[in-house]
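Worksheet for the structure shown next.
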Amino acid sequence: MKKVVKFGGSSLASAEQFKKVGAIIRADGTRRYVVPSAPGKRFSEDTKVTDLLYTCYRAADRAKFQAVLSEIKSRYQEIIEGLDLTFSLEEDFQVIEENFQKQIGEEYAASRGEYLNGKIMAAYLGYEFVDPAEMIRFDGNGQFDAEITELLVQKRLDGVETAVVPGFYGAKENGEIKTFSRGGSDVTGSIIAGALDVELYENWTDVSGVMVTDPRIIQNPKVIDTITYRELRELSYMGATVLHEDAIFPVRKAGIPINIKNTNAPDDPGTMIVEDTCKKPPYTITGIAGKRGFCSLFIEKSMMNSEIGFGRKVLGVLEEQGISFEHIPSGIDTMTVFIHQDEFTEKEQQVISGVHRAVKPDYMELESDLALIAVVGRGMRSNRGTAARIFAALAHANVNVKMIDQGSSELNVIVGVRDEDFEPAIRAIYDIFVETQL
Ligand code: ASP
């Protein structure tokens with residue numbers, strides 16, 4: 001049995017956190033491949049080392065450069081001393097400083113956070129340090145190359161009992177360092193787990209799993225025990241921030257579950273993310289997420305229903321303007337398109353005239369400051385009355401529902417509400433399904 005374990009930045013922000021991580025790894029001999037992030041925030045106003053590295057690399061003058069560099073050095077030194085290691089990053093820092101001065105690349109700069117933390121972690125655990133530049137491959141255009149990477153990871157880690165592989169970056173064939181987008185150590189962990197076909201990918205963070213809803217709206221929301229990849233995708237798309245989006249594919253492809261765990265409460269079971277499960281969720285719904293900042297374009301034309309190509313022509317106008325749409329609820333002679341407000345505002349007049357030209361509507365209306373809320377749950381398909389409960393709760397909370405869309409997967413119900421009703425609506429839905437468990 002083998003596991004890949006990835007630790008996020010807050011789990012590795014200080015020597016004290018490193019010690020917790022060390023204890024977690026030593027407690028289970030199957031935790032053989034460790035993927036560390038760079039040191040994150042130690043307290044809420046702190047700066048992540050990755051951000052310090054970007055600042056340092058872009059520093060306009062020598063004094064600023066030196067000041068930020070020594071701040072970075074002392075972050076690592078503090079960890080090394082706190083762990084009582086007789087180990088020095090001095091040589092590594094010399095190389096980094098030279099490369100920064102040569103301005104060899106911003107992605108190289110950002111990647112050093114994980115690289116250095118990986119070196120400390122390997123020394124602390126007595127695991128082999130394996131540089132992902134050797135095996136996480138990006139092609140000539142800077143796109144991640146999954147196929148070659150899989151082969152390289154299998155080859156490089158073949159026979160390696162235990163290893164630390166820093167997250168977040170890889171390299172092109174010519175050695176140029178490339179990073180994933182922010183939060184990308186999740187992706188590295190998933191790639192290694194998928195390539196080695198391990199039993200489990202543990203993703204350690206600072207919360208005890210995926211929460212039913214946003215803790216900024218509901219204090220201490222319940223943690224989801226088991227969630228499917230599809231449910232997670234729906235929730236993440238609607239704003240839940242749990243894992244990097246690209247971290248799902250490599251493990252999902254290999255049928256490997258992900259366990260989200262809390263470094264600060266390692267005995268909590270966390271959340272299992274799985275392909276499918278017979279386990280019934282304790283509530284009919286699995287989660288609630290939402291996004292603000294939408295507007296709607298309402299279009300009316302009599303006999304629209306029999307006009308072939310009407311929808312295509314409207315969407316064609318959006319496409320021409322480079323605007324993506326979110327939902328299109330439609331009636332007999334009406335159609336509404338939900339669009340991201342920030343994408344739309346600048347081009348609204350072009351869209352209006354474009355739609356006039358394309359379909360000659362009888363009437364059009366714009367509405368702004370809308371929010372969308374997704375109520376997600378695999379349990380909804382087999383339960384009667386879920387929609388009734390959602391709308392009863394919203395009515396009770398005096399929330400006016402502007403739009404309803406039940407996804408064709410029957411995995412979610414999406415409601416559109418006015419921006420000021422966003423939080424009360426989420427609270428009402430959470431309350432009826434989770435608190436009162438009606
Ligand atoms: N250190 C990188 C970031 O801050 C990557 C990661 O932590 O996953 O985005």
Side-chain angles (χ1 to χ4, degrees), residues 4-14 17-18 20-21 24 33-58 68-69 71-73 75-76 78-79 89 92 96 100 105-122 129-133 135-136 138 142 144 149 164-171 177-194 201-207 210 232 236 240-251 258-264 273:
V4 167
V5 287
K6 179 257 167 181
F7 291 89
S10 58
S11 300
L12 298 167
S14 63
Q17 290 298 86
F18 257 78
K20 291 185 196 167
V21 168
I24 289 165
Y33 303 102
V34 181
V35 176
S37 279
K41 293 183 181 193
R42 294 159 293 181
F43 41 89
S44 61
E45 295 79 38
D46 201 12
T47 311
K48 294 179 178 185
V49 166
T50 308
D51 290 309
L52 292 175
L53 286 160
Y54 282 121
T55 312
C56 182
Y57 188 75
R58 291 174 196 153
V68 186
L69 187 64
E71 197 177 335
I72 297 168
K73 282 187 184 169
R75 290 287 298 267
Y76 287 104
E78 208 180 285
I79 296 172
L89 290 173
D92 287 302
I96 290 171
F100 273 38
E106 194 164 70
E107 296 184 39
Y108 164 82
S111 76
R112 296 305 88 185
E114 272 69 12
Y115 170 85
L116 295 166
N117 231 18
K119 288 228 144 169
I120 300 180
M121 179 64 91
F129 174 84
V130 178
D131 193 335
M135 53 187 195
I136 306 260
F138 289 78
F144 169 61
T149 298
V164 173
V165 183
F168 191 39
Y169 73 96
I177 298 289
K178 296 290 299 171
T179 56
F180 295 110
S181 55
R182 294 301 302 265
S185 298
D186 284 343
V187 185
T188 311
S190 180
I191 291 167
I192 308 284
Y201 171 29
E202 285 180 347
N203 191 296
W204 292 80
T205 175
D206 52 9
V207 285
V210 185
L232 184 68
S236 312
T241 50
V242 187
L243 268 183
H244 192 294
E245 237 189 345
D246 299 337
I248 305 283
F249 185 69
V251 277
I258 306 174
N259 192 187
I260 307 282
K261 296 272 287 174
N262 188 351
T263 300
N264 305 316
I273 308 169

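Just so you know, ligand 1 is whichever comes first in the structure, and atom 1 is the first atom listed for that ligand. All values reported here derive from a predicted model rather than from experimental measurement.
The distance from ligand 1 to the heavy atoms of Glu114 drops below 4.0 Å at these ligand atoms: 1 (N), 2 (C), 5 (C), 6 (C), 7 (O). Within ligand 1, counting atoms from 1 as listed, the ones closer than 4.0 Å to a heavy atom of Arg182 are 3 (C), 4 (O), 9 (O). Near Ser37, meaning under 4.0 Å from one of its heavy atoms, ligand 1 places the atoms 6 (C), 7 (O), 8 (O).
In terms of heavy-atom proximity, Tyr201 sits nearest to Asp186 at OH-O, 2.8 Å. Contact record, Thr263 with Ser11: OG1-OG, 2.8 Å, taken as the closest heavy-atom pair.
At least one donor-acceptor pair under 3.5 Å links the side chain of Ser190 to the backbone N or O of Ala247. The main-chain N or O of Asp51 is found under 3.5 Å from a side-chain atom of Thr55 such that the two form a donor-acceptor pair.
The shortest N/O to N/O separation between Gly183 and ligand 1 falls below 3.5 Å. For ligand 1, the polar-atom distance check against Thr50 finds a nitrogen or oxygen pair separated by under 3.5 Å.
Heavy-atom distances between Gly167 and ligand 1 stay at or above 4.0 Å for every pair.
Each of Pro132, Ser185, Pro36 was scored for a side-chain contact (heavy atoms from CB on, under 4.5 Å) with Glu114, with one residue passing: Ser185.
With hydrogens left out, the protein atom closest to atom 6 (C) of ligand 1 is Ser185 OG, 3.4 Å, a heavy atom.
Under a 4.0 Å N-O distance rule, the pair Asp206/Lys41 does not qualify as a salt bridge.
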